[in-house]
Every structure is written in C-alpha cells, then in structure tokens.
Amino acid sequence: MQTEKAVQFALDKLKSELSASLVYHDTNHTLEVMEQSNAIAEVCGISKKEIELLKTAAAFHDIGYIYVYDGHEAKSCEMARIILPEFSFDEQEIERVCKLIMTTKMPQSPFDLESGILCDADLDYLGRNDYDEKADALRVELESIGLVYDEKEWLSIQFNFVKNHKYHSPEEQQRRNQGKKQNLDIIESRLRNA
C-alpha cells in the first residue's frame, strides 16, 4: 500500500481537474479533511494502518466532483477502485476506503470510530471560527449549479443543518461543540433579523 503516492495522485487530479466553480469542495477542503481526520485519529489512538486508510479515504472522498455533483461519493468510490490498485492497495483495503467515503454522503452514516472521524473532519468547520467563510463559499458553489436561496431561506437551511448535526467522535465533540453552539446562536440571531 503506497499511501503517500496515492494521496498525491488524488490531490494532483483534484488540482488540475476540479471545476473552478467548486469554491467550497475544492482542493483546500480535501486538504483540511485530511488534516483534521489525522489530528482526530491520532488522539483517538487509531492504528497506523487505519490512519493510512483514513488518509486515503479523505484524499479521495470528493474526487467524484470532477465528474458529477449529485452522487459524487459513489463516483469517488468508482475512481478509488480504478486508481488504488495502481498503488498496491488490495481489494480489502479498497473496500474499506470506499465504505469510509460513502459514510460522508448526506445524511452522514458512520458505522465505526474511523468512519465517524472522517465524517467529523468533513464537517469540522461547523464548529470553527471560519464557519461564515465556509458557509458563504458553499452558498456560492450551490448557486453555480442553479440552487439559489434568498437570505432567509439560506439562514433557515443553515440553522436546521447545524442544529441537527452531531459530531461522532468524542474528540471532535470536545473540540468543536462549543464553537458550533456559538455559530448556531449567530445564525439564529441573523435569522430573527432577516
């Protein structure tokens, strides 16, 4: 399993082939998911091999956006199944990567600690100080595919999403729940004034 080479291949492909209209699901998002999943996994005591599979899943989780918007997770798995054998991943490792990727599909469906970590890393920004910047980028991206919301609609969608979201790993709950609550209070205040 040549994790670093596979990850670099995915990042290079994302950089060269992702549409410029994807201002939220861009290469930086993938890098953030990789960084956050690694940080959470290390604190949670995940094995070295599982960390490598998690890193690979993070690198490939949005590669499907190169080809489709809706259903990109399944396309990401399809691409992983084609690409990863070239980097000495066996069938069992590839299936593990694909199962991890598929848990990021909304609504998220983690089934173990590692899949919960990937889901948490994918939505880490909900509890961070740069929430507004990330949410604005997502809104711009959705507008580029024809989903346009007025301010009140957008705030309502964001409020319900953040309110109903749950971090899965104890580490992420500890790191981000307070920030998420603060962001939710800000969204609620803006919604009342919209």
Side-chain angles (χ1 to χ4, degrees), residues 1-42 44 46-126 134 137-138 140-147 165 167-169 172:
M1 191 167 69
Q2 301 169 358
T3 306
E4 294 306 319
K5 288 182 180 179
V7 165
Q8 193 56 56
F9 179 91
L11 293 173
D12 290 345
K13 189 166 183 66
L14 288 164
K15 282 179 195 167
S16 64
E17 297 182 39
L18 266 181
S19 168
S21 66
L22 297 180
V23 294
Y24 173 80
H25 291 105
D26 58 5
T27 309
N28 287 331
H29 169 71
T30 296
L31 289 167
E32 283 181 5
V33 173
M34 288 171 54
E35 178 184 323
Q36 295 303 327
S37 62
N38 188 62
I40 300 166
E42 285 187 354
C44 291
I46 305 301
S47 73
K48 186 178 186 307
K49 180 169 183 177
E50 278 296 315
I51 287 177
E52 289 195 13
L53 292 171
L54 195 55
K55 183 176 187 176
T56 305
F60 278 82
H61 86 287
D62 281 345
I63 205 165
Y65 275 120
I66 293 170
Y67 308 97
V68 295
Y69 201 88
D70 288 331
H72 73 275
E73 300 91 353
K75 189 66 175 178
S76 295
C77 286
E78 182 183 324
M79 296 308 300
R81 288 186 180 104
I82 292 167
I83 295 164
L84 292 178
E86 298 173 30
F87 297 99
S88 304
F89 282 71
D90 65 30
E91 191 174 318
Q92 186 178 3
E93 292 162 343
I94 293 167
E95 285 311 304
R96 176 69 171 154
V97 167
C98 287
K99 282 183 177 181
L100 290 168
I101 289 169
M102 290 307 296
T103 64
T104 65
K105 181 180 169 93
M106 296 298 169
Q108 293 179 327
S109 56
F111 55 89
D112 63 8
L113 180 58
E114 292 83 5
S115 59
I117 289 169
L118 184 60
C119 289
D120 287 351
D122 196 25
L123 294 175
D124 181 70
Y125 81 98
L126 296 179
K134 299 296 182 185
L138 180 58
V140 168
E141 180 176 300
L142 292 172
E143 287 175 353
S144 77
I145 63 163
L147 296 173
H165 171 266
Y167 286 118
H168 305 284
S169 66
E172 194 71 346

**Q.** Salt-bridge criterion met for Glu93 and Arg96 (N-O under 4.0 Å)
**A.**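 The answer is no: the pair does not qualify as a salt bridge.
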(Q) Quick test of your reading of the model: are Glu95 and Lys99 salt-bridged, counting only N-O distances below 4.0 Å? (A)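 No.
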Going from [atom1] on [X] to [atom2] on [Y], what distance comes out if it is rounded to the nearest 0.5 angstrom?
{"X": "Gln2", "Y": "Thr56", "atom1": "CD", "atom2": "OG1", "value": "11.0 Å"}
{"X": "Asp62", "Y": "Leu18", "atom1": "CG", "atom2": "CG", "value": "8.0 Å"}
{"X": "Leu118", "Y": "Leu113", "atom1": "CG", "atom2": "CG", "value": "11.5 Å"}
{"X": "Leu11", "Y": "Leu31", "atom1": "CG", "atom2": "CG", "value": "5.5 Å"}
{"X": "Glu73", "Y": "Leu100", "atom1": "CD", "atom2": "CG", "value": "13.5 Å"}
{"X": "Cys77", "Y": "His72", "atom1": "SG", "atom2": "NE2", "value": "9.5 Å"}

Do the side chains of [Y] and [X] get nearer than 4.5 Å, heavy atoms only?
{"X": "His61", "Y": "His29", "answer": "yes"}
{"X": "Ile66", "Y": "Lys13", "answer": "yes"}
{"X": "Met79", "Y": "Arg81", "answer": "no"}
{"X": "Lys55", "Y": "Asn38", "answer": "no"}
{"X": "His25", "Y": "Leu138", "answer": "yes"}
{"X": "Met106", "Y": "Leu123", "answer": "yes"}
{"X": "Phe89", "Y": "Thr3", "answer": "yes"}

Under 3.5 Å, side chain of [X] to main-chain N/O of [Y], donor-acceptor pair present?
{"X": "Glu172", "Y": "Ile40", "value": "no"}
{"X": "Asp120", "Y": "His168", "value": "yes"}
{"X": "Ser115", "Y": "Pro110", "value": "no"}
{"X": "Tyr167", "Y": "Asp124", "value": "yes"}

Q) Do Gln108 and Asp122 pass the side-chain contact (heavy atoms from CB on, under 4.5 Å) test, and can you show the C-alpha distance, the side-chain angles, and the key distance before you say yes or no? A) CA-CA 10 Å; Gln108 293 179 327; Asp122 196 25; 4.2 Å; yes
Minimum heavy-atom distance between [X] and [Y], given as atom pair plus value:
{"X": "Ala58", "Y": "Thr30", "answer": "O-CG2, 3.6 Å"}
{"X": "Pro85", "Y": "Ile82", "answer": "CD-O, 3.6 Å"}
{"X": "Cys98", "Y": "Ala80", "answer": "SG-CB, 4.2 Å"}
{"X": "Ser37", "Y": "Ile117", "answer": "O-CG2, 3.5 Å"}
{"X": "Leu14", "Y": "Ala59", "answer": "CD1-O, 3.8 Å"}
{"X": "Ile101", "Y": "Ser76", "answer": "CG2-CB, 4.0 Å"}

Q) Taking it one step at a time, do Lys75 and Glu78 satisfy side-chain contact (heavy atoms from CB on, under 4.5 Å)? A) CA-CA 5 Å; Lys75 189 66 175 178; Glu78 182 183 324; 3.0 Å; yes
Q. Within 45° of the six-membered ring axis of Tyr125 and under 6.0 Å from that ring's centre, is NZ or CZ of Lys134 located there?
A.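 Cation-pi check for Lys134 and Tyr125: fails.
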(Q) Ile51 vs Lys48, test: side-chain contact (heavy atoms from CB on, under 4.5 Å). Steps then yes/no. (A) CA-CA 5 Å; Ile51 287 177; Lys48 186 178 186 307; 5.7 Å; no
Q: Could you verify whether a donor N or O on one side chain and an acceptor N or O on the other, from Glu32 and Asn28, lie under 3.5 Å apart?
A: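 Absent: no donor and acceptor within the cut-off.
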Q | Geometric class of the Phe9/Phe87 ring pair [parallel <30°, tilted 30-60°, perpendicular >60°] | A |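 Tilted.
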